[in-house]
Amino acid sequence: MYDYIDGKLAFKSPAHVVIDAGGVGYYINISLNTYSQIAEGEHCKLFVWLHVKEDAHTLYGFATEGERRLFQHLISISGIGPNTGRMMLSSITPAEIQAAIVQGNVALIQRIKGIGPKSAQRIILELQDKLRKEGPDTLTVMPASATVKDEALAALVMLGFVRNNAEKVLDQEIAKYSGVLTVEQLIKFALKSL
């Protein structure tokens with residue numbers, strides 16, 4: 001429903017912020033990781049996720065799209081709710097969580113408060129292939145001036161293709177057509193080869 005909220009930072013604490021956007025104050029729960037990235041000052045932009053329950057609508061905010069994406073992966077696991085996901089992102093950095101899942105490091109995940117051995121194993125079992133497919137730079141933000149290849153690669157990864165394979169096919173297609181392709185053409189040619 002909401003992608004981001006951009007406005008004046010009215011209040012900041014390690015657990016939540018209030019952003020005044022268009023005269024409305026949004027109470028947004030955040031992780032310690034996001035807290036450390038929010039600069040002191042008036043302006044603030046957070047990528048948000050809305051959790052709708054029978055008795056509450058709760059906003060969770062993230063400094064980057066990558067952190068939000070990792071949060072969404074974490075809460076897709078049975079037994080991991082939004083507060084546990086936020087606790088995980090507060091305990092260790094998103095990059096460390098992603099590396100621990102991809103490498104199968106149960107001990108590191110288990111050290112997070114509220115995560116037992118079974119939960120840690122379930123997180124690794126269910127997310128390891130997804131995060132491996134997305135590649136190590138899934139947490140980095142796509143540059144605003146992305147090349148045609150970058151945009152096509154991002155689209156193919158979102159469709160579920162392994163990053164390395166997709167990149168090789170894109171390089172082949174670019175070489176074949178001497179680099180004068182639109183994003184749509186490049187994706188269509190690559191899909192035929194994948």
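Worth knowing before you read on, the calculation uses all heavy atoms, side chains too, and leaves out hydrogens, waters and symmetry mates.
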Steps toward side chain to side chain contact (heavy atoms under 4.5 Å, CB included) verdict (I28, V18): CA-CA 6 Å; I28 305 170; V18 176; over 6 Å; no
Side-chain donor/acceptor of T84 to backbone N/O of I80, under 3.5 Å: no
By side-chain contact (heavy atoms from CB on, under 4.5 Å) - contacts of Q72 (at least two apart): W49, R68
N29 vs N83 side-chain heavy atoms within contact, under 4.5 Å: no
Non-hydrogen side-chain atoms of V17 and I19 separated by less than 4.5 Å: yes
Set of side-chain contact (heavy atoms from CB on, under 4.5 Å) partners for A99, sequence neighbours left out: Q103
Path from I187 to V157 over hydrophobic side-chain contacts below 4.5 Å: yes
Sole residue of V169, N165, D171, L170 in side-chain contact (heavy atoms from CB on, under 4.5 Å) with E167: D171
Side chain to side chain, I30 and F62, heavy atoms closer than 4.5 Å: no
Step-by-step side chain to side chain donor-acceptor pair (under 3.5 Å) determination, E173 to S193: CA-CA 9 Å; E173 295 300 327; S193 301; 3.1 Å; yes
Derivation of the side chain to side chain contact (heavy atoms under 4.5 Å, CB included) call for T64 and R69: CA-CA 9 Å; T64 64; R69 197 174 315 116; over 6 Å; no
Q185 side-chain N/O to T182 backbone N/O, donor-acceptor pair under 3.5 Å: yes
L191 vs F161 side-chain heavy atoms within contact, under 4.5 Å: yes
For V148 against L181, the heavy-atom pair lying closest together: CG1-O, 3.6 Å
Same apolar cluster (I L V M F W Y, side chains within < 4.5 Å links), V24/F11: no
Heavy-atom closest pair, residues T34 and G61: OG1-O, 3.8 Å
side-chain contact (heavy atoms from CB on, under 4.5 Å) against K45, all qualifying residues, sequence neighbours excluded: Y4, D6, F47
Atom pair OH/CG of Y2 and L50 - distance to nearest 0.5 Å: 6.5 Å
Side chain S90, main chain L32, donor-acceptor under 3.5 Å: yes
In one Ile/Leu/Val/Met/Phe/Trp/Tyr side-chain cluster, 4.5 Å: V183, F189: yes
Heavy-atom side-chain contact between S31 and E67 under 4.5 Å: yes
Nearest-0.5 Å distance that lies between atom NZ in K176 and atom CG in L186: 11.0 Å
Smallest separation among heavy atoms of F71 and P82, with atom names: CE1-O, 3.4 Å
Gap separating the CD1 atom of I112 from the CD atom of Q110, nearest 0.5 angstrom: 10.0 Å
Rounded distance [0.5 Å steps], NE2 in H73 versus CG in L70: 7.0 Å
Evaluation steps, side chain to side chain contact (heavy atoms under 4.5 Å, CB included), between L74 and I101: CA-CA 10 Å; L74 292 170; I101 292 170; 4.2 Å; yes
Residue from Y35, Y60, Y27 passing side-chain hydrogen bond (donor to acceptor under 3.5 Å, both in side chains) with H16: Y27
Side chains of L46 and I38 in contact at under 4.5 Å (non-hydrogen atoms): yes
R132 CZ to Q98 CD distance, which is reported to the nearest 0.5 Å: 11.5 Å
pair N33-P94: side-chain heavy atoms closer than 4.5 Å: yes
Intermediate values then yes/no, side chain to side chain contact (heavy atoms under 4.5 Å, CB included), H51 and H57: CA-CA 6 Å; H51 183 204; H57 289 204; over 6 Å; no
Donor-acceptor contact below 3.5 Å, side chain Q128 vs main chain L125: no
Transitive ILVMFWY side-chain link L156 to V162, under 4.5 Å: no
N/O donor-acceptor pair under 3.5 Å between R86 side chain and A15 backbone: yes
Pairwise side-chain contact, E42 with L9, heavy-atom cut-off 4.5 Å (strictly under): no
Inter-residue atom distance I123.CD1 - I97.CD1, 0.5 Å rounding: 8.5 Å
Common cluster, V102/L89, ILVMFWY with side-chain heavy-atom separation under 4.5 Å: yes
